[in-house]
Amino acid sequence: MLDQVEQPRNARSRATRAALLAAARALLEEHGTGRLTMTAVAERAGISRRAAYLHFPSRADLLTELFGYVCEQEGLAGSLEPVWQAADAAAALDQWAGHLARFHPRVLAVARAVQRVRRTDPDAAAQWAQVTADQQACCHRLATWLAAEQRLAPPWTIQTATDMLWALMSYELLEELLADRGWTAHRYRTHLTALFRATFLCDPPQQQTI
């Protein structure tokens, strides 16, 4: 009987949490961080302010969880799948540009908000450190693949290529191109693909003939 009581209660709790996160995302994307208060989020979600604070004791706590929620909603795993299923490292590099152009604009507003909060909130900083570690792991995997197939151009090493690939994931750079320079996601992908190929890719090794 206790399990039957707890199950609906847990389901309601998850639904409330999801509603708060969805409301926070909508407010952030519509108005930026200036109007993102716990009161506004609760009102947008149709939930009492007290209930909102039970789930997220502070605005920083809400923002810390928001990025992971948005990544899940926007299908991060599915966006990365074409990269790791590519036929070879060069194709994976092209797919990496496609992933960045496809996925990052969807999460840009939330990512920039969390980046700003992390400078003053230790929990947000810890969460963003994990995001950074995951990004760097993907870049290292890609650089290692290029090196293994002898397609990593000199003078790049696996580590320096990893660092530069990660730096080129910059949300600040993306924001400047899309918002300030008026680039489309398509233009971003086209030029990022060209940049990656010109920077990191060398010709395949010649087949030796007997």
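None of the values given here were measured: they were computed from a predicted structure.
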Give the minimum heavy-atom separation between [X] and [Y], together with the two atoms involved.
X      : Y      : answer
Val41  : Leu20  : CG1-O, 3.5 Å
Val107 : Glu74  : CG1-CG, 4.3 Å
Trp96  : Cys138 : CH2-CB, 3.6 Å
Ile158 : Ala147 : CG1-CB, 3.7 Å
Ser79  : Pro82  : O-CD, 3.3 Å
Ala91  : Ala87  : CB-N, 4.3 Å

Would you say that [X] contacts [Y] through its side chain, given a criterion of any heavy-atom pair below 4.5 Å between the two side chains?
X      : Y      : answer
Leu152 : Cys202 : no
Asp180 : Glu175 : no
Phe200 : Leu142 : no

Can you tell me if [X] uses its side chain to pair, donor with acceptor, with the backbone of [Y] under 3.5 Å?
X      : Y      : answer
Thr160 : Thr157 : yes
Thr190 : His186 : yes
His99  : Gln95  : no
Thr120 : Val117 : yes
Arg189 : Ala97  : no

Quick one: side-chain contact (heavy atoms from CB on, under 4.5 Å) partners of Ala137, sequence neighbours excluded?
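Scan of Ala137 (side-chain contact (heavy atoms from CB on, under 4.5 Å), adjacent residues dropped) gives none.
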By side-chain contact (heavy atoms from CB on, under 4.5 Å), which residues pair with Gln150, not counting sequence neighbours?
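Partners of Gln150 by the side-chain contact (heavy atoms from CB on, under 4.5 Å) criterion, ordered by chain and then number, come out as Pro205.
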Any side-chain donor-acceptor pair under 3.5 Å between Arg118 and Gln115?
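No.
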Can a side-chain donor-acceptor contact be found between Thr16 and Ser13 if the only test is distance below 3.5 angstrom?
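Per modelled atom types, Ser13 and Thr16 side chains form no pair under 3.5 Å.
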Quick check: are there more than 12 heavy atoms from other residues, nucleotides or ligands sitting under 6.0 Å from [atom1] of [X]?
X      : atom1 : value
Met164 : CE    : no
Arg35  : CZ    : no
Glu149 : CD    : yes

Give, for atom [atom1] of [X] and atom [atom2] of [Y], the distance between the pair rounded to the nearest 0.5 Å.
X      : Y      : atom1 : atom2 : answer
Thr184 : Leu177 : OG1   : CG    : 10.5 Å
Gln136 : Gln159 : CD    : CD    : 8.5 Å
Leu108 : Arg112 : CG    : CZ    : 7.5 Å
Leu66  : Leu28  : CG    : CG    : 6.5 Å
Thr199 : Leu168 : OG1   : CG    : 7.5 Å
Leu173 : Leu192 : CG    : CG    : 8.5 Å

Cationic tip of Arg181 within the cone over Trp183's six-membered ring, i.e. under 6.0 Å and within 45° of the normal?
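Pair Arg181/Trp183 does not count as cation-pi.
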For the pair Arg151 and Asp88, find out whether any cationic side-chain nitrogen is under 4.0 Å from an anionic carboxylate oxygen.
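Salt bridge flag = no for Asp88 with Arg151.
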Determine whether Leu165 and Leu93 satisfy the following criterion, side chain to side chain contact (heavy atoms under 4.5 Å, CB included), listing intermediate values before the conclusion.
CA-CA 10 Å; Leu165 283 165; Leu93 190 64; 4.2 Å; yes
Considering only residues two or more places apart or on different chains, which pairs with a residue in residues 45-66 satisfy salt bridge (Lys or Arg N to Asp or Glu O under 4.0 Å)?
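Listed by first then second residue: Arg17-Glu65.
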Can you get from Leu54 to Tyr69 by hopping between Ile, Leu, Val, Met, Phe, Trp and Tyr side chains that sit under 4.5 Å apart?
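No; Tyr69 is not reachable from Leu54 via cluster members.
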Are Phe67 and Val131 close enough, and set up right, to give a side chain to side chain contact (heavy atoms under 4.5 Å, CB included), and what steps lead you there?
CA-CA 9 Å; Phe67 184 74; Val131 171; 3.8 Å; yes
Test log, rule salt bridge (Lys or Arg N to Asp or Glu O under 4.0 Å), inputs Glu30 and Arg25:
CA-CA 8 Å; Glu30 291 169 11; Arg25 180 185 185 181; over 6 Å; no
Working for side chain to side chain contact (heavy atoms under 4.5 Å, CB included), residues Leu80 and Phe103:
CA-CA 9 Å; Leu80 281 169; Phe103 183 78; over 6 Å; no
Mind checking whether His104 and Tyr171 have parallel, tilted or perpendicular rings, split at 30° and 60°?
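The rings of His104 and Tyr171 lie parallel, inter-plane angle below 30°.
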Hey, would you say the His140 and Trp166 ring centroids sit under 6.0 Å apart?
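Distance test on ring centres: not under 6.0 Å, no.
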